[in-house]
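Below: one structure, written as structure tokens.
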Amino acid sequence: MSDEAVIFTVESVRTRASTNEGLVTLAVPLENSAVLSTFLERIGQQVAAAFVPVDSAIALPVPRETKRPGEYGEYAAKLKTSGFCLSPAVWGGVGTDGQYLEWLRRQCCAVCFAEPPSEAAHVRRIASGAGTGIKPAYAAISLCHAHHAEQHQLGESVLGGKDKADFLRLKCVEEWAWATLKATLGYDSMAQVPPAELLAWARAHGVRHLLPAVYREFSPVEITTT
């Protein structure tokens, strides 16, 4: 390998938790590409490099999914207002009830906002399958030990009444679904998720019809690698 120094710029770094993959985009003078290729070959077989003349790259049309992270805020806003993460079908695709309860224990108390750990307190409703000794799925909120004990002793008046309890329950499960979904897709914010990736996830879990129209009408660009 040559001792010649190569100056390059890191344009972007992307990781995806679901596949344990990483993508680093470098801007390198084209005349130095051979030097960099030799270096990359020494790293391992899981590294690939491609070099394109800058003028040609600029002339190419830019697909929508190559937007910089954070530029899908308009999609995320419509996803939020559509109530996508309030659907039981979406909850089932995101994770199990047990995973939801475990997440609740790491959240602040929904009443007094005391720091975690919290306890998963069930909100029982006959319509959702609750009964004696029955705890329905995705029907719990995070409570500190004191408020959980008061809920058992005094009922839902501790939470502000039935309507407030239902509100808190849906708020908790929506936050869990939202946070878990973006983490599953490998992003820190839903505003970073390309529409094509969320569309593919929704199609795989049978909830594509629940997406707002801006997602369902999106035609993703398919990229095939060999």
Side-chain angles (χ1 to χ4, degrees), residues 15-20 69-70 72-73 75-193 197-198 201-202 204-207 210-212:
T15 59
R16 182 172 299 171
S18 58
T19 59
N20 197 30
Y72 300 106
Y75 289 91
K78 291 181 180 180
L79 185 70
K80 188 76 169 181
T81 57
S82 73
F84 180 73
C85 286
L86 287 171
S87 168
V90 173
W91 303 341
V94 168
T96 65
D97 177 58
Q99 292 171 325
Y100 170 56
L101 298 180
E102 184 58 34
W103 178 86
L104 283 176
R105 298 183 181 102
R106 300 193 300 269
Q107 309 309 306
C108 294
C109 175
V111 175
C112 68
F113 307 108
E115 292 294 323
S118 295
E119 299 175 4
H122 282 83
V123 177
R124 298 172 182 269
R125 295 286 179 272
I126 296 299
S128 62
T132 303
I134 300 175
K135 296 179 179 179
Y138 310 105
I141 62 176
S142 56
L143 291 180
C144 63
H145 178 74
H147 277 112
H148 194 188
E150 288 185 7
Q151 181 205 21
H152 279 289
Q153 294 173 359
L154 305 175
E156 293 179 354
S157 60
V158 173
L159 308 178
K162 177 181 178 297
D163 291 342
K164 183 61 178 294
D166 286 337
F167 168 80
L168 291 175
R169 175 244 174 166
L170 290 177
K171 181 174 181 291
C172 283
V173 73
E174 181 184 30
E175 289 180 357
W176 164 75
W178 187 268
T180 305
L181 179 55
K182 65 182 175 65
T184 298
L185 294 173
Y187 295 89
D188 296 324
S189 168
M190 200 66 81
Q192 298 174 341
V193 179
E197 292 194 25
L198 184 57
W201 181 92
H205 291 83
V207 293
L210 298 176
L211 286 171

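Note that the coordinates shown come from a computational prediction; the quantities given were computed from them, not determined experimentally. Hydrogens, waters and symmetry mates are skipped; everything else that's a heavy atom, side chains included, is used.
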Could you check if a side-chain atom of V193 sits within less than 4.5 angstrom of a side-chain atom of Y72, using non-hydrogen atoms only?
no
Across all chains, not counting sequence neighbours, the side-chain hydrogen bond (donor to acceptor under 3.5 Å, both in side chains) partners of T180 are W176
Can a donor-acceptor pair be found, under 3.5 Å and without considering hydrogens, that links the side chain of K182 to the backbone of D188?
yes
Distance in Å, Q192 CD paired with M190 CE, rounded so as to fall on 0.5 Å steps
10.5 Å
Just jot down the ring-ring contact (aromatic ring centres under 6.0 Å, His included) partners of W201, sequence neighbours excluded, or say none.
H205
Tell me which donor-acceptor pairs under 3.5 Å the side chains of residues 137-147 have, and how far apart each pair is, sequence neighbours excluded?
from : atom 1 : to   : atom 2 : distance (Å)
Y138 : OH     : G95  : O      : 2.6
S142 : OG     : C108 : O      : 2.8
H145 : ND1    : E119 : OE2    : 2.7

For K171, all residues meeting salt bridge (Lys or Arg N to Asp or Glu O under 4.0 Å), sequence neighbours excluded
E175
Distance, nearest 0.5 Å, that separates CG of L101 from CG of D97:
4.5 Å
Is the NZ atom of K78 crowded by more than 12 outside heavy atoms at less than 6.0 Å?
no
Rounded at 0.5 Å granularity, tell me how far CZ in F113 sits from OG in S118.
11.5 Å
For H148, which residues count as a ring-ring contact (aromatic ring centres under 6.0 Å, His included) partner, sequence neighbours excluded?
H152
State which residues pass side chain to side chain contact (heavy atoms under 4.5 Å, CB included) with S157; sequence neighbours excluded, sorted by chain then number.
L154
Out of curiosity, Q151 CD to H122 NE2, how far, rounded to the nearest 0.5 Å?
10.0 Å
Residue pairs passing the side chain to side chain donor-acceptor pair (under 3.5 Å) test with at least one member in residues 80-93, sequence neighbours excluded, are none
